[in-house]
Amino acid sequence: MREFGYERVHDVPGAVALLGAEPDARCLGGGTNLVDLMKSGVERPGLLVDVRELPLDHIESTPDGGLRIGATVTNSDLAAHPEVRRRYPALAQAVLAGASGQLRNMATVGGNLLQRTRCGYFTDLSKPCNKRSPGSGCSAVEGEHHNSAVLGATEHCVAIHPSDMGVALAAFDAVVTYETVDGPGELPLGDFYLPVGDTPHLETALPPGALITGVVLPPVPFAVVSRYRKVRERASYAFAIGSIAAAVDVEDGVVREARIAFGAVASRPWRARAAERALTGGPVSAEAFAAAADAELAAARPLPHNGYKVTLLRNLVVAVLTELTEEAAR
């Protein structure tokens with residue numbers, strides 16, 4: 001492990017000053033991903049800025065009826081918060097599905113957004129990986145890729161983003177807030193993660209030296225009936241092979257609005273906008289749900305060993321939307 005500096009900060013300006021002055025600085029929250037990557041040699045920061053004591057550990061209502069979630073709120077506190085569970089149940093479900101209890105107690109909202117892929121080639125320094133070493137190649141394309149991306153990938157990288165929380169945040173149009181030495185800024189989650197393109201090592205649109213301060217969820221009244229469903233290879237703690245966050249607004253048997261996002265299928269949480277458009281104004285039926293899924297998955301480009309994900313996602317869309325519409329009708 002490379003020698004590194006360590007600074008504990010107690011206020012946002014102090015944290016931003018350190019991050020802006022040291023290009024190799026990294027924020028240390030719970031450390032549940034970063035520390036592991038440092039041990040393996042993938043991450044080699046020159047400075048760790050410990051942000052756990054920043055005053056960013058609150059969840060509060062916004063004037064328009066949304067929620068503001070601080071960056072150092074732990075995953076456990078996020079999932080247990082009564083307003084999260086009441087207004088955005090899919091978010092609470094996603095967080096609870098995302099890790100063991102011990103990890104949820106340590107992991108933070110800001111850190112969750114910045115976690116790196118769990119692709120085995122990314123963490124294996126003996127293998128080429130464009131995300132870790134730009135220009136070296138993507139070993140997964142010709143190698144082990146059963147849990148790789150089927151949407152938005154390129155020949156340069158087929159890794160998936162591992163976050164469960166991010167999938168629900170994507171469905172509800174979350175906005176990421178941050179601070180830099182030049183002042184505050186914000187990024188809609190849809191713009192926060194960069195497309196893979198030919199630069200998979202560039203993962204987010206955060207400016208250099210930025211500190212994530214929180215996430216804002218806008219009001220989505222029909223999100224009170226929402227759901228997160230995760231499929232994994234074993235029932236215990238494991239990363240998804242496919243997941244969905246969904247909410248649907250139905251009136252008189254017609255879909256007025258839908259929110260759908262997929263997980264474990266792309267380099268970022270995947271907002272299923274084609275499926276949403278296909279559903280809007282249409283009937284509530286399994287056939288309509290399947291057609292909407294097909295509209296989204298028409299862009300899928302699976303590799304030889306992960307084509308099952310297309311069928312899996314199609315089935316998830318039909319099952320979850322059927323459950324939601326039946327629940328809303330009761």
* Contact check, side chains of Leu78 and Val84, non-hydrogen atoms, under 4.5 Å -> yes

* So Arg116 and Asp36, salt bridge (Lys or Arg N to Asp or Glu O under 4.0 Å) or not? Walk me through it. -> CA-CA 11 Å; Arg116 311 292 301 277; Asp36 284 345; over 6 Å; no

* Structure fact -> Here the gap from Asn75 atom CG to Leu103 atom CG, rounded to the nearest 0.5 Å, amounts to 9.0 Å

* **Residue pair Leu313, Glu296: steps toward the side chain to side chain contact (heavy atoms under 4.5 Å, CB included) verdict** => CA-CA 10 Å; Leu313 286 171; Glu296 188 68 44; over 6 Å; no

* Asked: Between His145 and His305, is the gap from one ring center to the other below 6.0 Å?
  -> yes

* Path from Leu56 to Val16 over hydrophobic side-chain contacts below 4.5 Å -> yes

* Should Ser243 and Val231 count as side-chain neighbours, where that means a heavy-atom distance under 4.5 Å? -> no

* What distance do Phe4 atom CZ and Asp24 atom CG have between them, rounded to the nearest 0.5 Å? -> 13.0 Å

* Heavy-atom side-chain proximity of Leu34 to Leu48 below 4.5 angstrom -> yes

* Structure fact -> Tightest non-hydrogen contact, residues Ala266 and Ala149, listed as CA-CB, 3.8 Å

* To do: Verify, without hydrogens or angle tests, whether Thr108 (side chain) and Thr72 (backbone) share a donor-acceptor contact under 3.5 angstrom.
  => no

* To do: Apply side chain to side chain contact (heavy atoms under 4.5 Å, CB included) to Val215 and Phe192, showing your working.
  => CA-CA 11 Å; Val215 175; Phe192 181 80; over 6 Å; no

* Asked: Counting heavy atoms not belonging to Arg232, are there more than 12 under 6.0 Å from its CZ?
  -> yes

* Asked: In Å, rounded to the nearest 0.5 Å, how long is the span from CD of Gln93 to CZ of Arg85?
  -> 10.0 Å

* Structure fact -> In short, Arg86 meets Val224 closest at the heavy-atom pair O-CG1, 3.5 Å

* Can you tell me how far the CG atom of Leu47 sits from the CD atom of Glu7, to the nearest 0.5 Å? -> 6.0 Å

* Asked: Who are the side chain to side chain contact (heavy atoms under 4.5 Å, CB included) partners of Arg256, not counting sequence neighbours?
  -> Asp249, Glu251

* Decide salt bridge (Lys or Arg N to Asp or Glu O under 4.0 Å) for Arg271 and Glu276; before the verdict, give the C-alpha distance in whole Å, the side-chain angles of both, and the deciding distance to 0.1 Å. => CA-CA 9 Å; Arg271 182 69 177 270; Glu276 292 174 356; 2.6 Å; yes

* Candidate pair Arg268 and Glu203, rule salt bridge (Lys or Arg N to Asp or Glu O under 4.0 Å), full reasoning -> CA-CA 9 Å; Arg268 60 189 189 275; Glu203 296 179 343; over 6 Å; no

* Can you check whether Gly197's main-chain N or O pairs, donor with acceptor, with Thr154's side chain at less than 3.5 Å? -> yes

* Within 6.0 angstrom of Glu323 CD, more than 12 heavy atoms from elsewhere -> yes

* Asked: Between Ser76 (side chain) and Arg104 (backbone), is there a donor-acceptor pair under 3.5 Å?
  -> yes

* To do: Please check if Phe172 and Val225 belong to a single hydrophobic cluster, counting links between Ile, Leu, Val, Met, Phe, Trp and Tyr side chain heavy atoms closer than 4.5 Å.
  => no

* Determine the sole option in Val176, Leu113, Leu187 for which the side-chain contact (heavy atoms from CB on, under 4.5 Å) test with Tyr193 is passed. => Leu113

* Side-chain (Thr117) to main-chain (Ile160) donor-acceptor, under 3.5 angstrom -> yes

* To do: Verify the cluster assignment for Val317 and Val284: are they in a single hydrophobic cluster under the rule of side-chain heavy atoms below 4.5 Å apart?
  => yes

* Taking Glu22 for its side chain and Leu19 for its backbone only, find out whether a donor-acceptor pair lies under 3.5 Å. => no

* Start with the C-alpha distance between Leu125 and Val42, add both sets of side-chain angles, then the distance that settles side chain to side chain contact (heavy atoms under 4.5 Å, CB included), and finish with yes or no. => CA-CA 7 Å; Leu125 299 186; Val42 174; 3.9 Å; yes

* Asked: If every non-hydrogen atom of Ala300 is compared with every non-hydrogen atom of Val310, which pair is closest and at what distance?
  -> CB-CG2, 3.9 Å

* Asked: With a 4.5 Å limit on heavy-atom distance, are the side chains of Arg132 and His201 in contact?
  -> no

* Asked: Backbone N or O of Leu202 within a donor-acceptor pair of the Thr199 side chain at under 3.5 Å?
  -> no

* So do the side chains of Trp270 and His161 get within less than 4.5 Å of each other, counting heavy atoms only? -> no

* Applying side chain to side chain donor-acceptor pair (under 3.5 Å), run through Gln102 and Asn105 and close with a yes or a no. => CA-CA 5 Å; Gln102 295 94 328; Asn105 289 341; over 6 Å; no

* Looking at side-chain heavy atoms only, is the closest gap between Leu316 and Val318 below 4.5 Å? -> no

* Within the side chain of Lys230, is there an N or O that forms a donor-acceptor pair under 3.5 Å with the backbone of Ala238? -> yes

* To do: Report whether Leu96 and Leu91 are members of the same hydrophobic cluster (ILVMFWY, side-chain heavy atoms less than 4.5 Å apart, transitive linking).
  => no

* Asked: Backbone N or O of Gly65 within a donor-acceptor pair of the Arg87 side chain at under 3.5 Å?
  -> yes

* To do: Just jot down the ring-ring contact (aromatic ring centres under 6.0 Å, His included) partners of Tyr228, sequence neighbours excluded, or say none.
  => none

* Between Val150, Val167, Leu297, which is the residue that forms a side-chain contact (heavy atoms from CB on, under 4.5 Å) with Phe262? -> Leu297

* Structure fact -> Tightest non-hydrogen contact, residues Cys138 and Asn130, listed as N-ND2, 3.6 Å

* Checking side chain to side chain contact (heavy atoms under 4.5 Å, CB included) for the pair Met38/Arg26: CA distance, chi angles, key distance, verdict? -> CA-CA 11 Å; Met38 290 173 63; Arg26 298 287 188 277; over 6 Å; no

* For the side chain of Asn306 and the backbone of Ser148, is there at least one donor-acceptor N/O pair under 3.5 Å apart? -> yes

* Spacing of SG belonging to Cys129 relative to NZ belonging to Lys131, to within rounding of 0.5 Å -> 7.5 Å

* Structure fact -> In short, Ala240 meets Asp164 closest at the heavy-atom pair CB-OD1, 4.5 Å

* Under a 4.5 Å cut-off applied to non-hydrogen side-chain atoms, are Thr123 and Leu37 in contact? -> yes

* Is it true that a side-chain atom of Glu186 and a backbone atom of Thr177 form a donor plus acceptor pair closer than 3.5 Å? -> no

* Asked: Can Val51 be reached from Ile59 by stepping across I, L, V, M, F, W or Y side chains whose heavy atoms are under 4.5 Å apart?
  -> no

* Of all the heavy-atom pairs spanning Gly20 and Val181, show the shortest one and how long it is. => CA-CG1, 4.4 Å

* Asked: Any side-chain heavy-atom pair from Asp173 and Arg259 closer than 4.5 angstrom?
  -> yes

* Structure fact -> dist Ser40:OG -> Asp124:CG (nearest 0.5 Å) comes out at 9.5 Å

